[in-house]
Amino acid sequence: MIEIMWGGSALNPELHAAMVSYVDERIGNSGRGFGHCKTMGVFENGDVLGVIVFHNWNPESQVIEISAAADSPRWLRPTVLNRIFRYAFDDIGCQLVVARMSEDNEHTQRIFRRYGFQRYLIPRLRGRDEDEWIFTLTDDAWRGGKFHRG
């Protein structure tokens with residue numbers, strides 16, 4: 001059975017710290033962490049399948065960035081995607097979600113494009129020898145998309 005657990009500095013600090021480290025290590029963030037952020041983990045039978053970090057929240061522009069990592073492709077199912085974007089768009093009132101990803105992460109790129117994200121390739125954003133995709137999803141695109149469920 002899939003279980004979603006939330007972490008935050010006040011909500012569950014130990015779980016939150018563990019989820020931040022989980023993503024930080026897997027995406028090569030060099031231990032920088034994400035500053036003030038909120039985490040959402042997807043678990044099955046007590047094992048972590050994947051974690052998402054909501055960070056760089058800008059309430060003035062209503063934009064938030066998401067970063068994620070997973071040990072199993074089973075974590076990114078429609079119910080989880082729906083919960084991720086309900087948090088961003090409904091719970092905290094974002095008008096835009098931003099995600100950055102390696103040009104080599106073709107699996108997640110396909111999912112995000114089907115989900116309605118626009119993508120922009122930025123040369124050298126991951127260093128001299130690697131480009132990075134910036135994915136954006138507006139609240140309008142999410143609400144009008146075929147995967148959005150009320």
Side-chain angles (χ1 to χ4, degrees), residues 1-59 61-94 96-122 124-137 139 142 145 147-149:
M1 181 170 126
I2 297 294
E3 181 180 14
I4 293 175
M5 297 180 70
W6 291 90
S9 56
L11 180 65
N12 190 334
E14 295 82 20
L15 177 62
H16 175 70
M19 289 195 284
V20 165
S21 291
Y22 177 92
V23 175
D24 190 66
E25 291 170 10
R26 283 163 177 77
I27 68 169
N29 203 32
S30 302
R32 287 187 298 272
F34 298 95
H36 181 71
C37 61
K38 184 154 185 159
T39 51
M40 184 186 98
V42 180
F43 299 83
E44 184 175 49
N45 301 321
D47 296 325
V48 64
L49 298 180
V51 174
I52 187 158
V53 179
F54 299 87
H55 58 102
N56 291 338
W57 168 232
N58 184 326
S61 61
Q62 299 172 309
V63 175
I64 200 161
E65 186 173 344
I66 58 174
S67 295
D71 288 331
S72 169
R74 294 189 325 272
W75 87 287
L76 206 53
R77 50 186 64 191
T79 55
V80 172
L81 282 163
N82 190 266
R83 188 61 198 110
I84 290 167
F85 297 110
R86 276 195 357 236
Y87 172 74
F89 295 124
D90 294 339
D91 296 355
I92 63 171
C94 290
L96 180 72
V97 171
V98 176
R100 299 168 44 163
M101 102 185 37
S102 168
E103 62 184 331
D104 299 329
N105 189 345
E106 295 174 7
H107 175 73
T108 305
Q109 288 179 42
R110 283 192 303 275
I111 292 169
F112 275 28
R113 290 182 75 199
R114 281 196 311 264
Y115 214 74
F117 278 81
Q118 297 296 311
R119 69 181 186 159
Y120 308 91
L121 186 64
I122 310 299
R124 295 177 149 192
L125 197 56
R126 286 192 169 230
R128 180 169 299 281
D129 299 321
E130 187 176 359
D131 301 342
E132 182 170 77
W133 286 105
I134 303 291
F135 280 79
T136 62
L137 181 66
D139 57 344
W142 178 67
F147 297 107
H148 174 251
R149 286 185 262 147

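All residue numbers refer to positions in the sequence shown, counting from 1.
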Show the nearest heavy-atom pair for residues Q109 and S102, with the distance to one decimal.
NE2-O, 3.1 Å
Smallest heavy-atom separation, G7 atom then M19 atom, equals N-CE, 3.6 Å
What distance separates W57 CH2 from K38 NZ, expressed to the nearest 0.5 Å?
12.5 Å
Cation-pi between R26 and Y22: NZ/CZ under 6.0 Å from ring centre and within 45° of the ring axis?
yes
Would F54 and V97 count as a side-chain contact (heavy atoms from CB on, under 4.5 Å) if you check the C-alpha gap in whole Å, the side-chain angles of each, and the deciding distance to 0.1 Å?
CA-CA 9 Å; F54 299 87; V97 171; over 6 Å; no
Any side-chain heavy-atom pair from F89 and C94 closer than 4.5 angstrom?
yes
Donor-acceptor pair, side chain of T39 and main chain of V20, under 3.5 angstrom:
no
Quick check: do I2 and W75 have side-chain heavy atoms less than 4.5 Å from each other?
no
Counting C-beta onward and ignoring hydrogens, is there a side-chain heavy-atom pair between D104 and E130 closer than 4.5 Å?
yes
Sequence-distant partners of E103, salt bridge (charged side-chain N to carboxylate O under 4.0 Å, His left out), two or more places apart
none
Separation of R126 CZ from W133 CH2 (nearest 0.5 Å):
13.0 Å
Assess whether side-chain contact (heavy atoms from CB on, under 4.5 Å) is satisfied between Y120 and Q118, documenting all intermediate values.
CA-CA 7 Å; Y120 308 91; Q118 297 296 311; 3.6 Å; yes
What distance separates R77 CZ from L49 CG, expressed to the nearest 0.5 Å?
7.5 Å
E65 meets the salt bridge (charged side-chain N to carboxylate O under 4.0 Å, His left out) criterion, sequence neighbours left out, with none
Quick one: pull up NE2 in H107 and CE in M101 and give me the separation to the nearest 0.5 Å.
10.5 Å
Is there a side-chain contact (heavy atoms from CB on, under 4.5 Å) between N12 and E14 once you walk through the steps?
CA-CA 6 Å; N12 190 334; E14 295 82 20; 3.8 Å; yes
Nearest 0.5 Å, what's the CZ-OG1 distance between R113 and T108?
13.5 Å
Candidates I66, D91, D90 - the one meeting side-chain contact (heavy atoms from CB on, under 4.5 Å) with F85:
I66
If you compare all heavy atoms of F43 against all heavy atoms of L15, which two are closest, and at what distance to 0.1 Å?
CZ-CD1, 4.2 Å
Where is the tightest heavy-atom contact between D24 and G33, given as atom of each residue plus distance?
OD1-N, 3.1 Å
Only one of N58, V98, I92 forms a side-chain contact (heavy atoms from CB on, under 4.5 Å) with I64, so which one is it?
I92
Report the relative orientation of the aromatic rings in F135 and F112; use parallel for angles under 30°, tilted for 30 to 60°, perpendicular for over 60°.
perpendicular
State the CH2-OH distance between W142 and Y115, to the nearest 0.5 angstrom.
6.5 Å
Can you find a pair of side-chain heavy atoms, one from M40 and one from V80, that are under 4.5 Å apart?
yes
